[in-house]
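First the structure, in the form of structure tokens, and then the observations on it.
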Number of protein chains: 2
Amino acid sequence: MTTAQRPTLEAVARRAGVSRATVSRVVNGSTTVAESIRDAVRRAVEELGYVPNLAARSLVTQRTDSVALVMPEEATRVFSDDQVFPGIIRGVSQELEAADKQLVLMLAGSPAGHQRVERYTTGRHVDGVLFASLHGEDPLPGTLARLGIPVVCSGRPLGGAQLPYVDVDHVGGVSRAVRHLIEGGRRRIATIAGPQDMVAGIERLVGYRETVADAGLPELVAFGDFTRESGGAAMRQLLAEHPDLDAVFAASDLMAHAALRTLRESGRRVPADVAVIGFDDIETAAYTEPPLTTVRQPIVELGRAMTRQLLRIAAGEDVEQAFILPTELIVRDSA
Amino acid sequence: MTTAQRPTLEAVARRAGVSRATVSRVVNGSTTVAESIRDAVRRAVEELGYVPNLAARSLVTQRTDSVALVMPEEATRVFSDDQVFPGIIRGVSQELEAADKQLVLMLAGSPAGHQRVERYTTGRHVDGVLFASLHGEDPLPGTLARLGIPVVCSGRPLGGAQLPYVDVDHVGGVSRAVRHLIEGGRRRIATIAGPQDMVAGIERLVGYRETVADAGLPELVAFGDFTRESGGAAMRQLLAEHPDLDAVFAASDLMAHAALRTLRESGRRVPADVAVIGFDDIETAAYTEPPLTTVRQPIVELGRAMTRQLLRIAAGEDVEQAFILPTELIVRDSA
DNA sequence: TTGTAAGCGTTATCAG
DNA sequence: CTGATAACGCTTACAA
């Protein structure tokens, strides 16, 4: 260890011939410092390569200038080629950078991981916590909120907790997609629904159900968990149960992708025999065979919006409990 | 703000009827504490819901128990459906969790972002820094190493710095792939190379060049930047310049995916007319049309290996400068 | 084995 | 506008 002693405020103060307090003021941009002294301090900081010790600072300010982003991990999908989580990370990261805060990423898959997250976040080691897409009714967000720690979730928290969240308009997007199928003359429209322990899975199914019901069409439902593998299985099940289906809305692009392949293997042409629409608009969607019509959700923007809300809460502002971003139907060749 | 005063060591000490030092010992697992006292302290900790203040702790220990993972961001590919970066994040995260350290994620795209990273990491706010796939000759890793801050890179650092790194066997993997093409009777084997300011791009091209040269075959090269879009353009260029090519090795699966589509649009059949092999083995590879033969790299393991090396360095151990993980050819239908 | 006490590097509160 | 000085919560010699 080349313990190149880092310069402290003290060192800078000596060099600049002022007190620690003054250096602190300059470093923190206080305006009540004489021009000449400020310059001298700045020079000393520069020459010594002084960088504030954040631990010392946060010990007294009670802030850490860091924010945790908690993601469920067990699901392989977190980092499969689904771009949802990476997109959120990116949006969060952008917004945090603008606010000069650090992103602490926590994957909470295993029970042990979940405990770790709990200990860390309840321990006030971060100024706020962002939850990405929870499964089931996780009590942690509520607990944190009760402790006064700023929290924002992506997706309405299940279990009825009144926590601020940001989400996309699932129902509207799905409804738009299903209506597109109906307008295209489809009458036996099936859906490959997502997991029913996640808001995204639940709401997209609601959107499907409402829309086919409004049109007086039957419900043809199979379930998946957003992954390709599950999508393929669900598609096979649908074909077995309803060989005459003429359209499928899949609650994720990955499932839609697998459905495309399953349909091809079963001898169906897309979209001639069966129209397919997905949800997400991942990059792959434009490259499937045929290119996938899908519902785009502004995922990076979702991450940014979550972060902005969190920072506002941390700053003591009031924010609306729900913040919903629009979705958009991207029409390609599959429907 | 429900400033529910968090209990401090002091509070626990009072409650347990011992000194702060003793509580500290128990909390940190010192063995030199009497059984009975330990239990009493544990109970007090439990009852008060005490969680150590990390800032205070790191102020005295000079450790932060956190590690930074720096990734270039400007490239859209960081969070496109390329699974490289997410995979690394996951591996790093797993290993860090085992070591009970936090992951601080830093995207260093813009010059401003890069500066932020520099300030933060040189400021010793983390116990070590992991660099994921740098572009060009970034001086930062070397600077940090000189400051005595543990550093590990993914991929041999360009510019000749003697820094510890972990990488996969690019050359071996590509060589294996190209030989597979040759064994399949291909003689006009082209490559869509990656960016030449990244080790992965450089080494994969080297692997191609060496192998075709050994076989006395011509070099047919076009460049991309690992993205789908660039892969499509490169494929078109190759077809224009060498309409008689009978195989393509693309330095990334995304580029291979786009090549597949471009070949189809040009009326070529894969693999009948042109065989295609990619690199990465992203999940999508199994779902392309036709399914993509590719070189698999153990990307999560890469993240884990980087982290393990970093932790060893931080613990004062010596580590080998290069740690290379094997790659594997996954044969599907495209070649 | 346990307690005392001295910092760790900042910021914040007062005087001056 | 500037400088002492007291926290902030914890670890760690050193004593007892």
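The sequence lines fix the lettering, A, B, ..., with proteins before strands; numbering per chain opens at 1. Everything quoted here is computed from the prediction, not taken from an experiment.
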Notebook entry, point to check: Any donor-acceptor pair under 3.5 Å joining the side chain of A:Arg25 to the base of C:dT11?
Noted result: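 By the distance-only test, no, there is no pair.
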
Item checked: Side-chain N,O (B:Ser24) to OP1/OP2 (D:dT11) below 4.0 Å ->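 Checking B:Ser24 against D:dT11: at least one side-chain N or O falls below 4.0 Å of OP1 or OP2.
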
For the pair made of [atom1] in [X] and [atom2] in [N], what is the distance, rounded to whole Å?
X       : N      : atom1 : atom2 : answer
B:Leu59 : D:dC10 : CG    : P     : 12 Å
B:Glu10 : D:dG9  : CD    : P     : 10 Å
B:Arg20 : C:dA5  : CZ    : P     : 11 Å
B:Asn53 : D:dT11 : CG    : P     : 9 Å
B:Leu54 : D:dG9  : CG    : C1'   : 11 Å
A:Arg6  : C:dC8  : CZ    : P     : 16 Å
B:Leu9  : C:dT2  : CG    : P     : 16 Å
B:Leu48 : D:dG9  : CG    : P     : 14 Å

Check: With sugar-phosphate meaning primed atoms plus P, OP1 and OP2, does A:Val18 contact a base, only sugar-phosphate, or nothing at under 4.0 Å between heavy atoms?
Finding: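 The answer is sugar-phosphate, as A:Val18 gets under 4.0 Å only of primed atoms, P, OP1 or OP2.
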
Item checked: Pair A:Arg42 + A:Glu46, salt bridge at N-O below 4.0 Å ->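 Salt bridge absent between A:Arg42 and A:Glu46.
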
Check: Do A:Asp100 and B:Arg116 sit within salt-bridge range, that is, some charged N less than 4.0 Å from a carboxylate O?
Finding: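 Salt bridge: yes.
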
When you measure from the side chain of [X], which nucleotide among [options] comes out closest?
X       : options               : result
A:Thr22 : D:dG3, C:dG9, D:dC10  : D:dG3
A:Ala21 : D:dT2, C:dA12, C:dG9  : C:dA12
B:Thr8  : D:dC8, D:dC10, C:dG3  : D:dC10
B:Thr61 : D:dT11, C:dG3, C:dT11 : D:dT11

Item checked: Polar side chain donor-acceptor pair, B:Thr22 to B:Ser19, under 3.5 angstrom ->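 Judged by distance alone, the side chains do pair up.
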
Notebook entry, point to check: Do we see a donor-acceptor contact under 3.5 Å between the side chains of A:Asp138 and A:His114?
Noted result: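 Yes - a donor-acceptor pair under 3.5 Å links their side chains.
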
Next item on the list: Step by step, work out the side chain to side chain contact (heavy atoms under 4.5 Å, CB included) result for B:Met71 and B:Met106.
Entry: CA-CA 6 Å; B:Met71 326 192 100; B:Met106 312 197 78; over 6 Å; no

Check: Of B:Ala56 and B:Ser36, whose nearest nucleotide on DNA chain C comes first from the 5' end?
Finding: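 Closest to the 5' end, via its nearest nucleotide, is B:Ser36.
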
